[in-house]
Amino acid sequence: MELWEVVARESIRDLVARYNANGDAGRFAQVIELFAADAVMELSDRSYVGLDQIVTIFTGAKDTIRGGAAPSYVRHSTATHQIDLHDDASATGRMYFTVISSIGLDHWGRYIDRYVVVDGAWKFSHRRVIVDGYSPGSIFQS
């Protein structure tokens, strides 16, 4: 494995970790910085194209929380992150995620990603979120 491949893989892992940590902390401006300007985020109900649309997923999350009250905490964890480097500026990835909230295990699923280098930094160019299941009482299930 060449040095650029090691750097790319670690940079992509860091990208995913920052997405989770910033999103869980409500730092949505920092989350949006992780996406390319023309990125797409695909959820089960629709696709969001560009930063102005993608940010609404996060800023509007409170409207999707059952009961309307913000949870005392939300923690996303990812596992089995597989990264396929296509070249030194593009890659794809897939991983499992779990979300812990004040009810315990809230929901779980998979991320399927495309990554690109923009101005020397790895960014999401496409993120597909597939929710595989919800726990009874999930605060995120509508």
Side-chain angles (χ1 to χ4, degrees), residues 3-142:
L3 179 60
W4 74 265
E5 293 173 298
V6 175
V7 171
R9 289 177 186 283
E10 286 307 307
S11 296
I12 291 168
R13 285 186 186 99
D14 185 67
L15 173 72
V16 170
R18 288 177 187 282
Y19 173 92
N20 290 340
N22 286 319
D24 289 348
R27 295 185 299 260
F28 304 129
Q30 288 89 337
V31 171
I32 293 307
E33 291 173 1
L34 304 173
F35 287 85
D38 60 349
V40 175
M41 188 148 169
E42 187 180 341
L43 305 180
S44 62
D45 62 339
R46 69 178 274 209
S47 292
Y48 299 79
V49 180
L51 302 179
D52 289 341
Q53 286 187 12
I54 293 171
V55 75
T56 66
I57 298 167
F58 303 100
T59 58
K62 66 180 179 204
D63 298 332
T64 65
I65 295 172
R66 184 180 290 188
S72 56
Y73 63 89
V74 175
R75 301 290 183 267
H76 285 72
S77 296
T78 54
T80 317
H81 190 183
Q82 301 171 45
I83 300 168
D84 296 315
L85 298 171
H86 301 292
D87 55 40
D88 62 356
S90 66
T92 53
R94 59 210 160 279
M95 71 206 80
Y96 302 120
F97 71 83
T98 56
V99 179
I100 306 296
S101 72
S102 52
I103 70 152
L105 178 61
D106 194 281
H107 60 284
W108 57 93
R110 294 165 281 152
Y111 292 130
I112 301 172
D113 295 331
R114 285 184 236 145
Y115 316 106
V116 294
V117 174
V118 177
D119 296 328
W122 284 94
K123 307 264 184 180
F124 294 103
S125 64
H126 188 277
R127 172 159 263 200
R128 182 175 175 207
V129 180
I130 302 167
V131 177
D132 292 327
Y134 294 91
S135 291
S138 166
I139 60 175
F140 288 99
Q141 185 178 14
S142 50

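This chain uses plain numbering: 1 for the first residue, then up along the sequence.
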Would you give the length of the straight line joining atom [atom1] of [X] to atom [atom2] of [Y], rounded to the nearest 0.5 angstrom?
X      : Y      : atom1 : atom2 : answer
Ile130 : Ser44  : CD1   : OG    : 10.0 Å
Ile112 : His126 : CD1   : NE2   : 9.5 Å
Met95  : Thr78  : CE    : OG1   : 6.0 Å
Leu51  : Thr56  : CG    : OG1   : 11.0 Å

*Taking only residues two or more places apart in sequence or in another chain, which ones pass ring pair (Phe, Tyr, Trp, His ring centres under 6.0 Å) with Tyr48?*
none
*Just jot down the side-chain hydrogen bond (donor to acceptor under 3.5 Å, both in side chains) partners of Trp108, sequence neighbours excluded, or say none.*
none
Quick one, [X] and [Y] - any side-chain contact, counting heavy atoms below 4.5 Å?
X      : Y      : result
Ile57  : Arg127 : no
Tyr73  : Asp24  : no
His81  : Ile12  : yes
Arg110 : Asp132 : yes
Met41  : Phe58  : yes
Arg75  : Val99  : no
Val74  : Ile100 : no
Val118 : Phe35  : no

*Does the Lys123 side chain pair with the main chain of Ala39, one donor and one acceptor, at a distance under 3.5 Å?*
no
*Do any N or O atoms from the side chain of Glu10 and from the backbone of Val6 form a donor-acceptor pair under 3.5 angstrom?*
no
*Once the angle between the rings of Phe124 and Tyr115 is folded into 0 to 90°, is it parallel (under 30°), tilted (30 to 60°) or perpendicular (over 60°)?*
tilted
*asked:* Classify the ring geometry of Tyr111 against Tyr19: parallel below 30°, tilted from 30° to 60°, perpendicular beyond 60°.
replied: perpendicular
*Taking side chain to side chain contact (heavy atoms under 4.5 Å, CB included) as the test, write out the residues that go with Asn22, two or more places apart.*
Arg18, Arg27, Gln30, Val31
Any luck finding a side-chain donor-acceptor pair between [X] and [Y] under 3.5 Å?
X      : Y      : value
Ser90  : Asp87  : yes
Asp106 : Ser138 : yes
Thr98  : His76  : no

*What's the verdict on side chain to side chain contact (heavy atoms under 4.5 Å, CB included) for Phe97 and Val129, showing C-alpha distance, side-chain angles and the deciding distance?*
CA-CA 9 Å; Phe97 71 83; Val129 180; 4.0 Å; yes
*Heavy-atom closest contact (Ile83 atom, Ala91 atom, distance)*: CG2-CB, 4.5 Å
*Taking every non-hydrogen atom, the tightest pair across Trp4 and Leu85*: CZ3-CD1, 4.1 Å
*asked:* Between the side chains of Asp113 and Arg94, is the shortest nitrogen-to-carboxylate-oxygen separation below 4.0 Å, so that they form an ion pair?
replied: no
Taking atom [atom1] of [X] as the centre, report whether more than 12 heavy atoms of other residues, nucleotides or ligands fall under 6.0 Å from it.
X     : atom1 : result
Asp45 : CG    : yes
Arg13 : CZ    : yes
Asp84 : CG    : yes

*Using the side chain to side chain contact (heavy atoms under 4.5 Å, CB included) rule, take Ile103 and Ser135 through it: C-alpha gap first, then chi angles, then the decisive distance, then the call.*
CA-CA 9 Å; Ile103 70 152; Ser135 291; 4.2 Å; yes
